[in-house]
Q: 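My questions all concern the structure below.
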Amino acid sequence: MVHLNRVATDAEVKHTKDGVGLVGSFGSFKIDGWDDEPDDFTATVYGSKYAAADLPRHEMPDREMPPQVAYRMIKDDLTLDGTPTLNLASFVTTYMEDEAEKLMVDAFGKNFIDYEEYPVSADIQNRCVSMIARLFNAPSADDANAMGTSTIGSSEGIMLGVLAMKKQWANKRKAEGKPCDKPNLIMNSAVQVCWEKAARYFDVEERYVYCTEERYVIDPKEAVDLIDENTIGICAILGTTYTGEYEDVKAINDLLIERNIDVPIHVDAASGGFVVPFVNPKLEWDFRLPKVVSINVSGHKYGLVYPGVGWVVWRDPEYLPKELVFNINYLGADQASFTLNFSRGASQIIGQYYQMIRLGKRGYRRIMLNLTRIADYLAANLENLGFIILSQKSGDGLPLVACRLDEDLDKQYDEFAIAHQLRERGWVVPAYTMAPHSEQMKLMRVVVREDFTKSRCDALIADFKLALETLDAMDAKRLQQQKEQAIEFRMRRRSTLVGSVSPLQKKATLFTDDHSLQGSHGKTHAVC
Ligand SMILES: *Cc1c(COP(=O)(O)O)cnc(C)c1O
């Protein structure tokens, strides 16, 4: 650890200068070709030369610009982004109290990994892990030692969960003198894209239980039937991204016990982990089930923290092979570290701690119950407008509404056309197709987040009505025109993006099907 807390001596300065080959006094230091003409610091932002020039895009500018100009130009540029509160596509938090924001801003400069420098931040993480593990009913006997870590989000939590299951399986196989080169993982085809990433990055075969026209969650029996000696685990989702339904973790658990199969369950509770304990506490999905060994949750979804924070917890160190855990010594005590990232901000972890002690269980419950009521109210109104509701009600699923048009109404337009109409009013409500093997079905989804109040919900319902009336009034020719416009609009937005993104992103974009928003592996970008 370097401490920069005293003035350097002349000798040290000379030593530093010599080290990089600098000579002479600062005033006479000059590089050929650099123009040192003084700036006019009195110009206004919009009266300056910057307002009449392009915003730098590809090459870092040669010279500085005044901070107020840089601020204003970037702020203006960002106004073309959507409004986060009208973005009903995302689960990710768009509102926190001023006090939470203040704490988080104060911690912007803290690198969480510097345990020695910031032991309190490290301890706050441990308090959060402990609270979350207990919320998930981790065994609380004297000898119990659930453990976990903060992550950047559920994706990192899931990567770690998969690594732990893979390693544990491999260790067991090696001890039995058996090969361990063909691991597989069982999951629903409606998994979030990060499961496919985890499988591919860590060379694990994906074994899917496919959705059908009527079932959008995993079939427990089919899942357990897919198990063989190379299965490292089963993923169960507490709130799928497609319809928000909770998968039947207990049924999988019970089948494993009944058939005496030694395969663990990891629960992807990215969204449901901070909903179910408050809305539906009797539902058994967590560490109450002996086969559940690890759980991830996104702090930045219903954990109510700005992006990026997530959590992953294991019921016992037994399920977290020692080889994966690094011990970082701080203040004479060991702090275990099992993450993919090293440096990260401490703000999000502090924000999570604020939310948990500020709201307490009652605070979370009140918010989640309001969201559940609003989701039910929205579902009833959309049903009234002729939609078929595909999500659960009364707290039996996540507070979201997934719906589709009733084909009996014989509408001449589809869900994508409605989404396009709503977009003209500023709402982002994604239309997408169902998971692989049921992708003929189109649906729309509205995520009910903390800042989606009853009155905003009424405004959305009014705009849904208007969108349907507008589309009903269009003749076939006009509908076709609008469809083409919508496709062109999506493609243009994409090609604008391609112009300014990394080569990696460009490659990924070029390899996706141009006429839909689906990636090459069936995951809809809008659904995350
Ligand atoms: C959002 C989500 C993820 C990914 O979580 P991040 O926190 O965005 O990394 C994984 N699984 C499910 C079910 C999700 O809803």
Side-chain angles (χ1 to χ4, degrees), residues 84 87-94 128 132 136 148-163 185-201 206 208-209 211 216-218 233-249 265-276 285-286 292 294-313 339-341 344-345 348-349 351-352 355 371 391-392 397-400 402 430 432 434-435 445-449 519 521-528:
N87 177 4
L88 306 180
S90 173
F91 287 99
V92 176
T93 302
T94 50
C128 290
I132 290 168
F136 296 167
T149 182
S150 67
T151 57
I152 297 295
S154 277
S155 303
E156 190 189 2
I158 287 164
M159 305 268 168
L160 300 176
V162 169
L163 276 176
L185 183 58
I186 295 166
M187 53 185 128
N188 180 355
S189 62
V191 283
Q192 211 264 358
V193 66
C194 69
W195 282 93
E196 295 175 49
K197 272 193 181 177
R200 208 153 345 140
Y201 290 177
E206 301 146 60
Y208 289 118
V209 175
C211 294
Y216 321 121
V217 286
I218 203 165
I234 300 182
C235 151
I237 314 168
L238 197 72
T240 69
T241 55
Y242 288 85
T243 58
E245 288 168 276
Y246 302 141
E247 298 197 317
D248 195 344
V249 194
I265 301 173
H266 174 101
V267 182
D268 177 359
S271 297
F274 274 108
V275 178
V276 177
W285 63 275
D286 54 16
V292 172
S294 47
I295 301 173
N296 68 273
V297 63
S298 295
H300 52 222
K301 291 186 176 175
Y302 292 105
L304 307 180
V305 184
Y306 289 137
V309 62
W311 303 91
V312 56
V313 274
T339 51
L340 298 181
N341 296 283
R344 66 163 301 189
Q348 268 64 18
I349 294 162
Q352 184 77 75
Q355 292 293 42
L371 300 188
S391 42
Q392 301 291 309
L398 293 175
L400 61 80
Y432 49 104
M434 232 356 254
R445 188 190 74 187
V446 175
V447 172
V448 177
R449 274 196 317 266
H521 291 268
K523 289 289 170 276
T524 312
H525 306 311
V527 184
C528 49

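We count ligands from 1, going down the list as the structure has it; atoms in each ligand are counted the same way. Bear in mind the structure is a predicted one, so any value in this text is a computation, not a measurement.
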Q: Of all heavy-atom pairs between Tyr216 and Ala190, which one has the smallest distance, and what is that distance?
A: O-CB, 4.2 Å
Q: Can you find a side-chain donor-acceptor pair between Asn188 and Glu247 that sits under 3.5 Å?
A: yes
Q: Provide the number and element of each atom of ligand 1 under 4.0 Å from a heavy atom of Ser298.
A: 5 (O), 6 (P), 7 (O)
Q: Among Gly153, Gly244, Ser155, which residue places a heavy atom closest to atom 9 (O) of ligand 1?
A: Ser155
Q: Which one holds for Ser154 and ligand 1: side chain close, backbone close, both close, or neither close, with close meaning a heavy atom under 4.0 Å?
A: both
Q: With a cut-off of 4.0 Å, which atoms of ligand 1 are near a heavy atom of Ser271?
A: 15 (O)
Q: Looking only at non-hydrogen atoms, which of Val267, Asp268, Leu398 approaches atom 11 (N) of ligand 1 most closely?
A: Asp268
Q: In terms of atom number and element, which parts of ligand 1 are under 4.0 angstrom from non-hydrogen atoms of Thr241?
A: 14 (C), 15 (O)
Q: Please confirm whether His300 comes under 4.0 Å of ligand 1, counting heavy atoms of the residue only.
A: yes
Q: Applying a heavy-atom cut-off of 4.0 Å, say which part of Ile237 lies close to ligand 1: side chain, backbone, both or neither.
A: side chain
Q: Answer whether the closest heavy-atom distance between the side chains of Val276 and Phe136 falls below 4.5 Å.
A: no
Q: For Gly310, does its backbone N or O pair with a side-chain atom of Thr151 as donor and acceptor, under 3.5 Å?
A: yes
Q: Is there a side-chain contact between Ile237 and Val191 in this structure, where contact means two heavy atoms from C-beta onward sitting under 4.5 Å apart?
A: yes
Q: What part of Lys301, side chain, backbone, both or neither, has a heavy atom within less than 4.0 angstrom of ligand 1?
A: side chain
Q: Measuring from atom CD1 of Ile132 to atom CD1 of Ile295, what distance do you get when rounded to the nearest 0.5 angstrom?
A: 10.5 Å
Q: Taking Leu398's backbone N and O only, do any of them form a donor-acceptor pair with Gln392's side chain (distance below 3.5 Å, no angle check)?
A: no
Q: Would you check whether Cys194 reaches within less than 4.0 Å of ligand 1, judged by its heavy atoms?
A: yes
